[in-house]
4 protein chains.
Amino acid sequence: MTPKVPENYREARRAQILDAAAECFLEKGFHQTTMQDIFRASGLSAGAVYNYFESKDDIVTAMGEISRNRNVAMVSATPGPDDEAPLAKILESFFGIMNTPDAEKWAPLDLEIYAEAARNERIRKSIADNVRMSSDALIPLVEELQARGAYSADLDARSIIVAFSMLVQGMQILHVVDPKADLDAYVEVCLAIARGTFCAAPATNSNSKEA
Amino acid sequence: MTPKVPENYREARRAQILDAAAECFLEKGFHQTTMQDIFRASGLSAGAVYNYFESKDDIVTAMGEISRNRNVAMVSATPGPDDEAPLAKILESFFGIMNTPDAEKWAPLDLEIYAEAARNERIRKSIADNVRMSSDALIPLVEELQARGAYSADLDARSIIVAFSMLVQGMQILHVVDPKADLDAYVEVCLAIARGTFCAAPATNSNSKEA
Amino acid sequence: MTPKVPENYREARRAQILDAAAECFLEKGFHQTTMQDIFRASGLSAGAVYNYFESKDDIVTAMGEISRNRNVAMVSATPGPDDEAPLAKILESFFGIMNTPDAEKWAPLDLEIYAEAARNERIRKSIADNVRMSSDALIPLVEELQARGAYSADLDARSIIVAFSMLVQGMQILHVVDPKADLDAYVEVCLAIARGTFCAAPATNSNSKEA
Amino acid sequence: MTPKVPENYREARRAQILDAAAECFLEKGFHQTTMQDIFRASGLSAGAVYNYFESKDDIVTAMGEISRNRNVAMVSATPGPDDEAPLAKILESFFGIMNTPDAEKWAPLDLEIYAEAARNERIRKSIADNVRMSSDALIPLVEELQARGAYSADLDARSIIVAFSMLVQGMQILHVVDPKADLDAYVEVCLAIARGTFCAAPATNSNSKEA
DNA sequence: CATGAATGAGATTTCATTCAT
DNA sequence: CATGAATGAAATCTCATTCAT
């Protein structure tokens, strides 16, 4: 009488479908992936999939949200602002995680989601919320660093975080657009910015490397 | 046998079609835009459009190139590396240009093109080439600045440029994703990095992890 | 082996389903109503409904019969042919009943059933039988009235009844098609025909084309 | 440059499609007819049909309007109220036309359209308008007949016309529901009502036909 | 070169029905 | 008997592209 299926049965099925969809989307993009692709990849029938999602668009939107959550999960997996680690440590962690083959793999999907956000209010909301939330988590740390004089106190703490997250995103763009780009050199630049070694000192030990 | 139409007639028509397509792509994205949309927007018939482009994909690819050219044109419009202006001046120019309503308008299209690049070799090539070319143009300047000690000489000049261009792209992403974000504060952070005022004090409490 | 459920349990369930189906059919018609609609409206599961009806068609056919029975019940509720009442009295009763909001409500369903009858043999049979049966019941009365000279004796008694029932149906059609039509005036005409007051003077200027 | 197709080309195609659809609808009803049926019957491709109608519903609605026009055309083909013919003559004409095999053929479609009218505003409007217009045309005649004393002057002229048209419709219903019904006897009753011979005289020459 | 009607494979979605629990 | 997830054939509709005029 009462449901005989495990209570999280439906959740599991949804996840199964989204996993399958993610594979398809990665391979072909949102709009070149057909529902048939998703049926095949998920091992479910058309009707079954439509029991869990109202439309293809619904799957795309859910994917946008899922994907954001994946990114947030990555952020959460970093050391966290509770210890002595300065922003550079955290950034290092980020770049480390983003350099994982697993993370790289999702790069095209992330770009697609950004593009989708321009036209899909729910996705935009979801991204904006997550961005805001994850930067919130880091603001106290950055403000403390500003107080200690590590970073200019004139700057908006959230904007500092956003700038660094854009550098991280940049790595994903670089990945997609120019797979032969020297990513390590790029990471070095980003870390130098975070560590304050980008502009070493106002022209002290001029190690001139004239071409 | 000789063309009965003025030689730039075809060019004008192509431009007319690409303008119309750009409007459509901005509004709906590449894959949700139908050829019918383009016919309507361009005021031309199906046959006419197909006289100038072999396929929809052809239009998309051309759009990628157009978009790159537009961005390159913006770069070219900056003061240029021939005078005394440090990188910050150039960045300032970039951000200024990117803050134009006209430039903002194209942001979603740029994101769409990045997403497309993941699966369209021709577009990827076109972007990669342009990125490479425009950074090439700035490398001498950056290297000179490194020589002068403005930026750490240990870093790869091209990567420095790429990092800054990612910060610029970041502004576009921010635009799309969170229209209420404080863009000016973001720009301030980016400029501070370029000017060397991001880390006010030269890294006192030594989290220097010099390689 | 003996039924564990009360014997009228099944009947109650059937009625529950048919009630729900009637609501759906009224709202959307036979063919636009889905079984899912009926599941929802009845508060039963798919399996449960299919325990009581073999197919959707089975429900539609049963609905045709139900509807006929409802109409027959209305006829039966009239004074009946056993007293002195002339046909007009009976007609008056009919129209009175058909003017009830409850009866009006079923008008679209009746039309739907007529349409269905054209292609569903079972429904056609069911309607034809019921029509025949209910007119059978009134034939003695009409014949008596003809004998008394109230109605021309040259006419077929059953056809007289059918004609009047078509006038009643007409009210339903009028309802559906033109909700602002003056139904009372229409009823007056019908009653005048039944009462013999439609042609006040006995056909003076002879358009009598007596057969 | 200007259309090279005959100006009524599109009209002709629409008609072609509607003709094909009518055949299908007659055979299977609105909702059992598939678009494929219509493609096949019309000899056109899916795309071609959808160039002329936005949706299946659009075809159904157009069919409702077309069908009404067909009926109006029939009415218009009757002698008309300009001569000396009394209502009975006109009714006779109607019944004569409605008894045509061609007219009979459309009966199921008409019933279906009535059913559809309950849920399709455009169809309802179209029917209501046509009903109103065709009864308008007959009102002067009926009023004159009432003035002459042929029909009771107490009755609403329009309602008289509507009642007779319902008797005509009734013949169509009878056709569909009970193909073996004695239609001629039914017509006799209707004509008797129109001629004033239904209630011959208040019980004068009692031709008692006691069973 | 321009037109726009036509194509038709293929996309998304629906829905009557079944069946394991 | 009841449940409701699953099925999958079939329905509606789309859209890049062609081609006769």
Side-chain angles (χ1 to χ4, degrees), chain A residues 1-6 9-10 13 31-39 42-59, chain B residues 3-5 9-10 13 31-40 43-60, chain C residues 3-5 9-10 13 31-40 43-59, chain D residues 1-6 9-10 12-13 31-39 42-59:
Chain A
M1 204 80 56
T2 34
K4 279 157 217 152
V5 294
Y9 182 88
R10 287 191 69 87
R13 275 282 190 262
H31 302 294
Q32 277 107 321
T33 295
T34 72
M35 290 305 286
Q36 294 294 336
D37 290 333
I38 296 178
F39 304 152
S42 67
L44 291 174
S45 67
V49 170
Y50 274 90
N51 265 339
Y52 295 92
F53 294 92
E54 286 192 335
S55 64
K56 182 180 174 183
D57 204 69
D58 202 21
I59 299 182
Chain B
K4 274 162 276 185
V5 293
Y9 181 87
R10 286 191 68 88
R13 277 283 194 254
H31 300 292
Q32 273 116 319
T33 293
T34 71
M35 288 302 284
Q36 316 289 331
D37 289 333
I38 296 177
F39 303 152
R40 219 173 298 126
L44 291 174
S45 67
V49 170
Y50 273 89
N51 271 332
Y52 296 95
F53 293 92
E54 284 193 335
S55 65
K56 182 181 175 185
D57 205 67
D58 206 20
I59 298 183
V60 168
Chain C
K4 272 162 277 184
V5 292
Y9 181 87
R10 288 191 67 89
R13 278 282 194 256
H31 300 292
Q32 274 116 319
T33 294
T34 71
M35 289 302 284
Q36 317 289 330
D37 289 333
I38 296 177
F39 304 153
R40 220 173 298 126
L44 291 175
S45 68
V49 170
Y50 272 90
N51 272 332
Y52 296 94
F53 294 91
E54 284 194 334
S55 66
K56 182 180 173 183
D57 205 67
D58 205 20
I59 298 183
Chain D
M1 205 80 54
T2 33
K4 280 158 216 150
V5 294
Y9 184 88
R10 288 192 70 88
R13 275 282 191 263
H31 302 294
Q32 277 106 322
T33 294
T34 71
M35 289 305 285
Q36 294 294 336
D37 290 333
I38 296 177
F39 303 152
S42 67
L44 292 175
S45 67
V49 170
Y50 275 91
N51 265 338
Y52 294 93
F53 294 92
E54 286 192 336
S55 64
K56 182 180 173 182
D57 204 68
D58 202 19
I59 298 182

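Proteins come first, then strands; the chains are lettered A, B, ... in the order of their sequence lines, and each starts at number 1.
- Checking dT14(E), dT17(E), dT3(E) against every side-chain atom of Y50(A), the shortest atom distance belongs to dT14(E).
- Listed pair Y52(A) / dA6(F) meets the phosphate criterion, a side-chain N or O lying under 4.0 Å from OP1 or OP2.
- In this structure, G47(C) and G43(B) both approach DNA chain E, and ranking their closest nucleotides by distance from the 5' end singles out G43(B).
- When the side-chain nitrogen and oxygen atoms of Y9(D) are compared with OP1 and OP2 of dA6(E), one or more of them lie within a distance under 4.0 Å.
- Separating the CZ atom of R40(B) from the P atom of dA16(F) is a distance of 11 Å, rounded to the nearest angstrom.
- Once rounded to the nearest 0.5 Å, the distance linking CZ of R10(B) with OH of Y52(B) reads 5.0 Å.
- The nearest whole Å value for the distance from the CD1 atom in I59(C) to the P atom in dT17(E) is 9 Å.
- To the nearest angstrom, C1' of dT14(F) lies 13 Å from CD of E54(D).
- Mapped onto DNA chain F by nearest heavy atom, H31(B) and A48(A) fall at different nucleotides, with A48(A) at the one closer to the 5' end.
- The side chain of R10(C) sits closest to dC1(F) out of dA2(E), dA16(E), dC1(F).
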When the side chains of residues 32-39 of chain B are checked against the rest of the protein, which donor-acceptor pairs come out under 3.5 Å, sequence neighbours left out?
| from | atom 1 | to | atom 2 | distance (Å) |
| --- | --- | --- | --- | --- |
| Q32(B) | OE1 | H31(A) | NE2 | 3.1 |
| T33(B) | OG1 | C24(B) | O | 3.2 |
| T33(B) | OG1 | G29(B) | O | 2.7 |
| T34(B) | OG1 | Q36(B) | N | 3.3 |
| T34(B) | OG1 | D37(B) | N | 3.0 |
| T34(B) | OG1 | D37(B) | OD2 | 3.3 |
| D37(B) | OD1 | R40(B) | NH1 | 3.4 |
| D37(B) | OD2 | K28(B) | NZ | 2.9 |
| D37(B) | OD2 | T34(B) | N | 2.9 |

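- Ranked by how close their nearest DNA chain E nucleotide is to the 5' end, Q36(B) and K56(C) are led by Q36(B).
- Remark: the separation of the C1' atoms in dT21(F) and dC1(E) is 13 Å, to the nearest Å.
- For the pair V49(B)/I59(B), a side-chain contact is recorded, criterion being any heavy-atom separation below 4.5 Å from C-beta on.
- Residue contacts shown for S45(A) include a base, since a base heavy atom lies under 4.0 Å away.
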* Structure fact -> Per-residue pairing states of DNA chain F in dot-bracket (Watson-Crick or G-U under 3.5 Å; . unpaired, | other strand) read .||||||||||||||||||||
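- Distance check: R13(D) CZ to N51(D) CG gives 10.5 Å after rounding to the nearest 0.5 Å.
- One can place CD of Q32(C) at 14 Å from C1' of dT12(F), the figure rounded to the nearest angstrom.
- Atom P of nucleotide dA16(F) and atom CG of D58(B) are separated by 14 Å, given to the nearest angstrom.
- Side-chain proximity of T34(B) to the nucleotides dA2(F), dA11(F), dA16(F) is greatest for dA16(F).
- Side chain of A46(A), nearest nucleotide from dT18(E), dG8(F), dT17(F): dG8(F).
- The interatomic distance linking M35(A) (CE) with dT14(F) (C1') rounds to 16 Å, in whole Å.
- Following rounding to the nearest Å, F39(B) (CZ) and dA2(E) (C1') show an atom-to-atom distance of 13 Å.
- Listed by first and then second residue, the salt bridge (charged side-chain N to carboxylate O under 4.0 Å, His left out) pairs that reach into residues 44-57 of chain C come to none, sequence neighbours excluded.
- Following rounding to the nearest Å, I38(A) (CD1) and dT13(E) (C1') show an atom-to-atom distance of 13 Å.
- Here R13(B) does not reach the OP1 or OP2 of dC1(E): none of its side-chain N or O atoms lies under 4.0 Å away.
- Under 4.0 angstrom from either OP1 or OP2 of dA2(E) there lies at least one side-chain N or O belonging to N51(B).
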